[in-house]
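Only one structure is covered here, and it is reproduced in the block below.
Numbers restart at 1 for each chain; the letters A, B, ... are given by sequence-line order, proteins then strands. In what follows, every heavy atom counts, from backbone to side chain, and hydrogens, waters and symmetry copies are set aside.
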Amino acid sequence: MKVAVALSAGVDPISGRAAPVPSEIHAIGLAHQICESVIGVHVSVHAGADTTVLRDYAAYGLNQIIVLEGADVCATLSAWLHAHPDIAVLLTGQQACGGQDSGLVPFLVARRLGWAMVSDVAQVLQASAGDRTLDVLQARPRGVRRPAALPMPCVLGASARTGPVPDAVYAQARATPIVRELAATEAGHGHEAGGEERPWRARPKLLSGQPQGAAPAGGGSGKVLVGPPAAQAAREIVDYLRAIGLDL
Amino acid sequence: MTQRTRRNPFEDRARRRIAGSGRPRFTLRPMAAVAEVQRRRNPRAELARITVEGPAGRPRLVRGGQGGSTALRSPAQRVAQRIRVETPAMLVLAVPDLAEGRLSRFDRQILGAARLIADTAQGGVCVLCPPGLDEQAQTMLGDAGADRLCILPTDPADPERFASDIVAWVKQSGAAHLLLPESPDGADLARRVVAEGAFDFLGGIQAFSTRNVIAPCRASRRERVLTTLPIVMTLEEDRAAPYAGVAHDICQVDHVADTGAVGRVRLGAAMAADPASLPLAEAPFVAAAGNGVTDFTAFAAMVRALGATPGASRVVCDAGLMPRATQVGASGTVLDAVCYLAMGISGAPQHLQGIGRVEHIVAVNTDLHAAMIGRAGLAIIADAQEVMPALTDLLNQKGSNA
């Protein structure tokens, strides 16, 4: 069974320089959980694109990186996967960082290939090559995990909460071969978002009803008990925690 | 209006005036007080009398004496009056998360945004929801601005099927827009719908109005502005106001027929994580120790009994009494917890930054004037060393009773 990781030319949000996308590093970690042979796939939209970032990705443990040259990411990637039926799982990050950043590409590729798709994957529990099914855990807020089962071949979107990522090894970054391939071009799907692009401006969020500062926020009446006996204090705390819905 | 009588200084002065011609002269003799019955104007009552609630929930001032009676409607009359949109000119669909069948604050914001678009063109808001909503939940959706309901026959454990039902309903109803929250489930569903229906899409909208929508792109260094609203949109939290006007009536409930199709992805029941090993940023309930805690054995026992994730202040971590990974605050972890139990923490500004998003705070501290006490919903002015064993005993005793 072979696994491919879709890589993108990321940009660091602070400095604006080329940098790997964190969730794609987590995707490489997930790929190692499934199997040992991991191929990185990068679609280069602009000919002669800078590939220094690909070396950074390779450091996390990729056997090979294939650079596909095509105009449309989804069409090129799905055409390549269609031509390689031995690849059972495509792993992607959550959202690109430096492009359109819409988070649509994994869903569009899955749709084109007719593969199943699960996003926010935190852990791969079991990959059985026999009946070609995958059991994964989806990351949900506040540490909640949700199991999901899907058939292979499939697309998995990695969450940024998969736990520790593989170590970046400089020698590995140097050793991984980067191969350029001219992909079979297909017509794009026309998912380019239109509109105007302009420099980003931080916009304040709406005030969310509850004061964030000094006043006690929701639920609490700001009750103060001065010097109660320890037993009474403990009872008050337990009653308060139960009242806000904690299961003690 | 106040019933207090007041002196009229102009009248007092007129009474003191000595009659005669030429220069005005006044007597300085003390004079008997005259009970003055003239009452003061109450500008607030006058304003309340002429204020009428407008159609979109905005107050209007009706001058000329017609507004008075309508402003003082009884609450019962107000409940009876709900806006009915029988034949909407266009439809805006909204898919709230409806976690545990409840409409969260985020869901209300999505409905508020949908209402805003619908109101520009006498349109209606249709909420797509799974079956099993009771009467009360329907009224709640009406209060939040929904005009119609569409009950999808979908098992929530089948996201592919849910998405294809939504696509079918968007096409069937000819809706102009579909709004979803950019929550984990909403974001996933929106992208499935866009991939299947090949709709225009803008995700993670940070500035929403009926004229344009703006979302970040290129690593949040640039932003994309769309002046014609795309069909499918996902909004981030706290980017649109919830609907606050007169409640709407649910005029129509559509039931989509069950086709029996089954998707390939099966989702299981969500599992809460082990609190002791949970990363602090993800933990729902954190109990933290500060400089006021000296007995860390008792603290650890209390954390275990509570089922909380342990945290600590900077001082405690600097002293090596707790690992650095447990530090809460500006240079440690910013929490996303529901509840925070602060033991012996006074609340330095850098620490309060770390708990800015926490809703419920319980503080145990010896200093009544500590900043943490002001921030807490329940504050106990006592020594943490005495409260911690009492709390552990109480929880263990209850655990053995249950």
Side-chain angles (χ1 to χ4, degrees), chain A residues 11 13 16 97-104 107-108 111 116 118-120 140-151 193-201 203 205-206 208 212 214 216-220 222-228 230-231 233-238 240-241 244 246 248, chain B residues 105 184 187-188 191-192 194-196 198 201-203 206-207 216-227 238-239 241 264-268 270-273 278 282-285 306-307 336 339 356 359-362 368 373-382 386-387 390-391 394-395:
Chain A
V11 166
C97 191
Q100 303 265 330
D101 298 3
S102 65
L104 263 180
F107 290 88
L108 291 175
R111 174 81 189 153
V118 169
S119 60
D120 294 326
R140 283 292 171 261
R142 291 183 175 141
V144 173
R145 296 285 179 268
R146 187 166 68 183
L150 72 168
E196 183 202 346
E197 234 183 67
R198 61 190 189 194
W200 185 69
R201 180 164 75 80
R203 289 181 167 76
K205 288 186 169 188
L206 295 180
S208 56
Q212 295 275 312
K223 190 176 173 185
V224 180
L225 301 175
V226 180
R235 183 154 297 281
E236 287 282 346
I237 293 175
V238 170
Y240 183 87
L241 296 179
I244 63 172
L246 279 182
L248 295 177
Chain B
R105 197 164 54 88
D188 181 88
R191 284 158 181 86
R192 281 182 198 278
V194 171
E196 182 159 343
F201 173 65
L202 191 66
Q206 291 197 345
C217 64
R218 314 239 172 252
S220 295
R221 293 171 67 80
R222 297 183 71 74
E223 61 186 20
R224 184 173 302 285
V225 186
L226 297 187
T227 43
D238 293 335
R239 300 296 182 176
R264 291 160 296 183
V265 179
R266 295 300 301 173
L267 301 179
M271 305 175 292
L278 203 58
E282 282 191 74
F285 176 29
L306 281 168
D336 188 25
C339 182
E359 205 176 323
H360 305 285
I361 290 176
V362 180
L368 176 61
I373 302 294
R375 176 76 173 79
L378 172 66
I380 287 166
I381 312 302
E386 290 164 16
V387 177
L391 192 55
L394 182 65
L395 289 165

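Contact tally against chain A (heavy-atom pairs below 4.5 Å) for B/E386, B/R264, B/R266: the top residue is B/R264. Note on B/G203, B/S220, B/A272: by heavy-atom pairs under 4.5 Å with chain A, the leading option is B/S220. Between chain A and the residues B/P184, B/P284, B/A390, B/A273, the largest count of heavy-atom pairs under 4.5 Å involves B/P184. With chain A as partner, the option from B/E223, B/R192, B/E196 having the largest number of non-hydrogen pairs under 4.5 angstrom is B/E223.
Contact between A/Y240 and B/L378 at its shortest, heavy atoms only, is CB-CD2, 3.6 Å. Taking both residues in full, the closest heavy atoms of A/A233 and B/V387 are given as CB-CG2, 4.2 Å, listed atom of the first, atom of the second, then distance. When every heavy atom of A/V11 is checked against every heavy atom of B/A219, the shortest pair comes out as O-CB, 3.7 Å. Closest approach of B/R191 and A/G103 over heavy atoms only: CD-O, 3.3 Å.
The closest side-chain heavy-atom distance from A/D101 to B/P216 is not below 4.5 Å. For the pair B/M271/A/R146, no side-chain contact is recorded, criterion being any heavy-atom separation below 4.5 Å from C-beta on. Side-chain atoms of A/L104 and B/V194, non-hydrogen and from C-beta on, do get closer than 4.5 Å to each other.
Heavy-atom distances place the side chain of B/L368, and not its backbone, under 4.5 Å from chain A. In this structure, chain B has a heavy atom under 4.5 Å from the side chain of A/R111, while its backbone stays farther away. For B/L267, the parts sitting under 4.5 Å from any heavy atom of chain A are the backbone and the side chain alike. Of the atoms belonging to A/I237, heavy atoms from both backbone and side chain fall under 4.5 Å from chain B. Proximity to chain B involves both the backbone and the side chain of A/A116, based on heavy atoms less than 4.5 angstrom apart. Contacts between B/V362 and chain A at a heavy-atom distance below 4.5 Å involve the side chain alone, from C-beta outward.
From A/Q100, atom CD reaches atom CZ of B/R224 across 4.5 Å, with rounding to the nearest 0.5 Å. With values rounded to the nearest 0.5 angstrom, B/R221 atom CZ is found 12.5 Å from A/E197 atom CD. To the nearest 0.5 angstrom, B/C339 atom SG is 3.5 Å from A/I244 atom CD1. Here the straight-line distance linking atom CD of B/E282 with atom CZ of A/R140 works out to 11.5 Å at 0.5 Å rounding. Here the CG-CG distance, from B/L395 to A/L241, works out to 8.5 Å after rounding to the nearest 0.5 Å.
The backbone N or O of A/W200 sits nowhere less than 3.5 Å from a side-chain atom of B/R218 that would complete a donor-acceptor pair.
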